[in-house]
Trainee: 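Right, I'll just put the structure down here and ask away after.
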Amino acid sequence: MLRKALHILTDRKLRTIGAILMLCLAFCLMGAVPSFFTNIDEYMLEEDSRKYGLFHGIFYEVTDANLEKLEDNMFVEQIGVFYGSGEYTLAEAEEIIRLGGYDATAQSLARIQLTEGRMPEVPGEIALESNWIDKFEKAPMIGDVITIQMPSGDKEYTITGF
């Protein structure tokens, strides 16, 4: 068996050496590719750290006592608050929707950007995440009124943005 392998090696040296080199190259690339993506992740972490701070978390339903603890934490530079009012059924799409509002800091930290329209300014207005557009039979537009089914009865909201 060994003689046959040596015979093949000597008869087909160039092909064999080429195949070995290709295998070596493949193994080298397999080792290099993950580090390439690690470098991208590290770059993104550095950029986000400069812009938003190193530690970033979104907490729902934080009590006032916990908010005070966060403010006293030396690692926390900014605190944004999500004012949640619960999960309800969106009548037009028969889907569960989370209602609530962000303060300006939370909106910045969560990187919420309007693609169209404006943020709600008064009660009875709502901005929807863009992925909600596909959940309606007829795509909603700014100015349309949607109905949210709440325990106290249906409530209507005017869409101001996406």
Side-chain angles (χ1 to χ4, degrees), residues 23-162:
L23 285 172
C24 289
L25 178 62
F27 283 118
C28 288
L29 287 175
M30 285 173 46
V33 169
S35 64
F36 172 74
F37 288 107
T38 302
N39 289 335
I40 291 174
D41 289 344
E42 288 172 4
Y43 171 77
M44 293 173 72
L45 177 63
E46 288 173 15
E47 288 297 309
D48 285 352
S49 296
R50 266 190 234 104
K51 189 170 184 180
Y52 300 106
L54 187 57
F55 298 98
H56 179 181
I58 297 174
F59 303 95
Y60 293 95
E61 301 173 14
V62 176
T63 64
D64 289 338
N66 287 337
L67 196 56
E68 285 179 27
K69 287 179 185 177
L70 285 170
E71 289 171 348
D72 292 338
N73 188 314
M74 63 185 258
F75 295 108
V76 177
E77 291 181 23
Q78 299 178 47
I79 297 175
V81 179
F82 174 79
Y83 300 100
S85 59
E87 293 183 345
Y88 305 99
T89 302
L90 177 62
E92 289 84 354
E94 296 183 13
E95 298 261 352
I96 301 297
I97 188 170
R98 178 183 273 279
L99 288 183
Y102 291 90
D103 68 5
T105 306
Q107 183 176 342
S108 170
L109 291 172
R111 302 177 194 162
I112 297 172
Q113 297 177 358
L114 288 171
T115 56
E116 183 180 346
R118 65 173 175 79
M119 291 299 283
E121 296 171 354
V122 296
E125 293 183 339
I126 192 169
L128 294 175
E129 292 180 4
S130 298
N131 66 327
W132 278 92
I133 294 172
D134 296 335
K135 296 183 181 187
F136 289 83
E137 277 187 36
K138 179 184 171 226
M141 298 173 47
I142 293 176
D144 285 354
V145 175
I146 61 170
T147 304
I148 308 285
Q149 297 172 346
M150 300 190 160
S152 59
D154 291 354
K155 185 165 182 184
E156 293 184 337
Y157 289 90
T158 303
I159 299 172
T160 62
F162 293 99

Trainee: Mind listing the closest non-hydrogen atom pair of Asp103 and Ile79 along with its distance?
Mentor: OD2-O, 4.3 Å
Trainee: Do you know the tightest heavy-atom contact between Leu99 and Tyr88?
Mentor: CD1-CD1, 3.7 Å
Trainee: If I compare all heavy atoms of Glu87 with all of Ile96, which pair ends up nearest, and what's the gap?
Mentor: CB-CG2, 3.8 Å
Trainee: Could you go through residues 140-158 and list every donor-acceptor pair under 3.5 Å that involves a side-chain atom there, pairing it with any protein atom two or more places apart or in another chain?
Mentor:
| unit_1 | atom_1 | unit_2 | atom_2 | d |
| --- | --- | --- | --- | --- |
| Asp144 | OD2 | Met141 | N | 2.8 |

Trainee: Nearest 0.5 Å please: distance from the CD atom of Glu92 over to the CD1 atom of Ile97.
Mentor: 9.5 Å
Trainee: Identify, with sequence neighbours excluded, every residue that meets side chain to side chain contact (heavy atoms under 4.5 Å, CB included) alongside Glu137.
Mentor: none
Trainee: Closest heavy-atom contact between Tyr102 and Gln107?
Mentor: CB-N, 4.0 Å
Trainee: What side-chain hydrogen bond (donor to acceptor under 3.5 Å, both in side chains) pairs are there with at least one residue in residues 62-71, not counting sequence neighbours?
Mentor: Thr63-Asn66
Trainee: Pair up each side-chain donor or acceptor in residues 119-133 with any protein partner under 3.5 Å, not counting sequence neighbours, and list the distances.
Mentor:
| unit_1 | atom_1 | unit_2 | atom_2 | d |
| --- | --- | --- | --- | --- |
| Glu125 | OE1 | Arg118 | NH1 | 3.0 |
| Glu125 | OE1 | Arg118 | NH2 | 3.4 |
| Glu125 | OE1 | Glu121 | N | 2.8 |
| Glu125 | OE1 | Val122 | N | 3.4 |
| Glu125 | OE2 | Arg118 | NH2 | 2.7 |

